Amino acid sequence: MKLKIKALNQRLIVYILVSVILTVIYFYTTREIIFSLVLALILMLFFFLLIEKEHKKYKKIDKRTHECVAFINNFIITLSISNSIVTTFETLKDGLKGELKEEVDNLEHLTVEEKLIELKSYFNLSIYDFFVKIVNQYIYNGGDILQISQLLIYDSRRIENSLDNHKVVSRRKFIEFSSLWGITLLILVIIQISLQLFYDSILKMSFYAPSIFAFFLLLLVFLYLFLKQTFNLSFINQWRESINEKLEKKD
C-alpha cells in the first residue's frame with residue numbers, strides 16, 4: 001500500500017512538473033497570461049484525469065497478468081506434488097497478497113472448483129480459462145498434470161515474456177518521443193531568443209499566440225496517442241483464438 005501511494009505521489013509530481021514547464025515555455029514565447037492559464041488548466045486535466053485513468057488501467061492489467069501467470073505455474077507445480085486440488089489451493093492461498101488475497105477470502109463459502117471458476121472475472125485472461133479447463137480435465141480424468149499442462153505453461157510464459165518485452169520497448173520509444181519533442185520545444189525557445197529584435201512585432205501578430213497554443217495542443221494529442229498505445233495491453237489476449245482451439249481439442 002505504501003509503495004502504491006509513493007508511486008502515485010511520484011506520478012503527481014511528474015504531472016505537475018511537466019505542466020509547469022510547458023506552461024512556462026508557452027508564456028515565455030507568447031507573453032499571453034490568459035492563454036497560459038488556459039493551457040495550464042488543460043494540462044492538469046489531461047494528466048490528472050485522462051492519463052492517470054489510462055495508467056491505472058494499464059497497471060491493473062499488468063499486475064493481474066503477472067499474478068495470473070504466477071498462480072497458474074505455482075498451482076500446477078504444487079498439484080503435481082500433492083495430487084490434491086484442495087491441498088494445492090490451501091497451500092497457495094497462504095502465500096497470496098493484496099487484492100487477490102481479498103478476492104479469494106471472499107470465496108471461502110465455495111468449493112475449490114467453484115473458487116477457480118469465480119476467479120475468472122478477477123484475472124479476465126484467456127490463459128486462465130484454459131487453466132480452468134485443464135484443472136477440470138485433471139479432476140475428472142486424472143493423469144499427469146505436468147504433462148497435461150505443457151501447452152498451458154508454454155503459453156503463460158510466452159505471455160509474460162511478451163509483457164516484459166513490451167515494457168522495454170515502450171521505455172525506449174518514450175525516450176525517443178520525449179527527446180524529439182524536447183528538441184522541438186528547445187528550438188521554439190531558441191528562435192524566440194534569436195529573433196529578440198523582431199519579437200515585439202511578432203507578439204503583435206494576432207495569429208501568433210493562438211498558433212503556438214495550437215502547437216501545444218497538438219503536442220498533447222500526439223502524447224495521448226503515444227501513451228494510449230503504450231498502455232494498450234490487448235496483445236495479452238492475442239492467443240484467444242489459439243487457446244479456444246486447444247480447448248475444443250481437449251473436449
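From a predicted model like this one, the values you see are computed outputs, not experimental measurements.
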Taking salt bridge (Lys or Arg N to Asp or Glu O under 4.0 Å) as the test, write out the residues that go with [X], two or more places apart.
X	value
Asp105	Lys101
Lys93	Glu90, Glu108
Glu160	none

Can [Y] be reached from [X] by stepping across I, L, V, M, F, W or Y side chains whose heavy atoms are under 4.5 Å apart?
X	Y	answer
Leu17	Ile25	yes
Ile34	Phe27	yes
Leu180	Leu227	no
Ile77	Ile145	no
Val38	Phe35	yes

Closest contact, heavy atoms only, [X] versus [Y]:
X	Y	result
Tyr138	Gly143	CE1-O, 3.3 Å
Phe89	Lys115	CE2-CD, 3.6 Å
Val132	Leu116	CG2-O, 3.8 Å

Nearest-0.5 Å distance that lies between atom [atom1] in [X] and atom [atom2] in [Y]:
X	Y	atom1	atom2	value
Leu217	Ile42	CG	CD1	5.0 Å
Met44	Leu49	CE	CG	11.5 Å
Glu99	Lys63	CD	NZ	4.5 Å
Asp155	Ile127	CG	CD1	4.5 Å
Leu39	Thr30	CG	OG1	9.0 Å
Thr23	Leu43	OG1	CG	5.0 Å

Pairwise side-chain contact, [X] with [Y], heavy-atom cut-off 4.5 Å (strictly under):
X	Y	value
Leu50	Leu45	no
Leu219	Leu22	yes
Ile139	Ile85	yes
Leu100	Leu119	yes
Phe47	Leu223	yes
Ile76	Ser80	no
Glu114	Leu107	no
Phe123	Asp129	no

Original post:
Just wondering, are more than 12 heavy atoms of other shown residues or ligands nearer than 6.0 Å to NZ in Lys167?
Top reply: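 Yes.
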
Original post:
Quick check: are there more than 12 heavy atoms from other residues, nucleotides or ligands sitting under 6.0 Å from CZ of Phe215?
Top reply: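 Correct, the count exceeds 12.
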
Just to verify, what does [X] make a ring pair (Phe, Tyr, Trp, His ring centres under 6.0 Å) with, not counting sequence neighbours?
X	value
Tyr58	Phe231
Phe46	none
His166	Phe235
Phe48	Tyr15

**OP:** Quick one: which residue pairs count as a salt bridge (charged side-chain N to carboxylate O under 4.0 Å, His left out) with a foot in residues 218-230, not counting sequence neighbours?
**Re:**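 Listed by first then second residue: Glu54-Lys228.
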
Indicate yes or no for a side-chain donor-acceptor contact from [X] to the backbone of [Y] under 3.5 Å, with no hydrogens or angles considered.
X	Y	answer
Ser156	Ile153	yes
Arg64	Asn124	no
Ser121	Glu118	yes

**OP:** Determine, step by step, whether Val221 and Phe226 satisfy the side chain to side chain contact (heavy atoms under 4.5 Å, CB included) criterion, reporting the C-alpha distance in whole Å, the side-chain angles of both residues, the deciding distance to 0.1 Å, and the verdict.
**Re:** CA-CA 9 Å; Val221 170; Phe226 174 81; over 6 Å; no

**OP:** For Val169 and Lys173, run side chain to side chain contact (heavy atoms under 4.5 Å, CB included): C-alpha distance rounded to whole Å, both residues' side-chain angles, the deciding distance at 0.1 Å, then the answer.
**Re:** CA-CA 6 Å; Val169 173; Lys173 294 296 183 181; 4.0 Å; yes

Original post:
Passes ring-ring contact (aromatic ring centres under 6.0 Å, His included), Phe75 versus Phe131? Steps please.
Top reply: CA-CA 10 Å; Phe75 193 98; Phe131 163 71; 5.3 Å; yes

Any residue meeting side-chain hydrogen bond (donor to acceptor under 3.5 Å, both in side chains) with [X], in chain and number order, not counting sequence neighbours:
X	result
Thr88	Ser82
Ser84	Thr87
Thr184	none

Subject >> Geometric class of the Tyr26/Phe216 ring pair [parallel <30°, tilted 30-60°, perpendicular >60°] >> reply: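 If you compare the ring of Phe216 with that of Tyr26, the planes turn out perpendicular.
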
**OP:** Give the C-alpha distance, both sets of side-chain angles, the deciding distance and a yes or no for side chain to side chain contact (heavy atoms under 4.5 Å, CB included) between Leu163 and His66.
**Re:** CA-CA 9 Å; Leu163 182 57; His66 285 295; 3.5 Å; yes

Original post:
Are the ring centres of Trp181 and Phe174 closer than 6.0 Å?
Top reply: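 No, the ring of Trp181 stays outside the 6.0 Å limit from the ring of Phe174, centre to centre.
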
Original post:
To which residues is Val69 joined in a hydrophobic cluster, defined by side-chain heavy-atom contacts under 4.5 Å among Ile, Leu, Val, Met, Phe, Trp and Tyr, whether direct or through other members?
Top reply: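 Hydrophobic cluster check, Val69: no partners found.
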
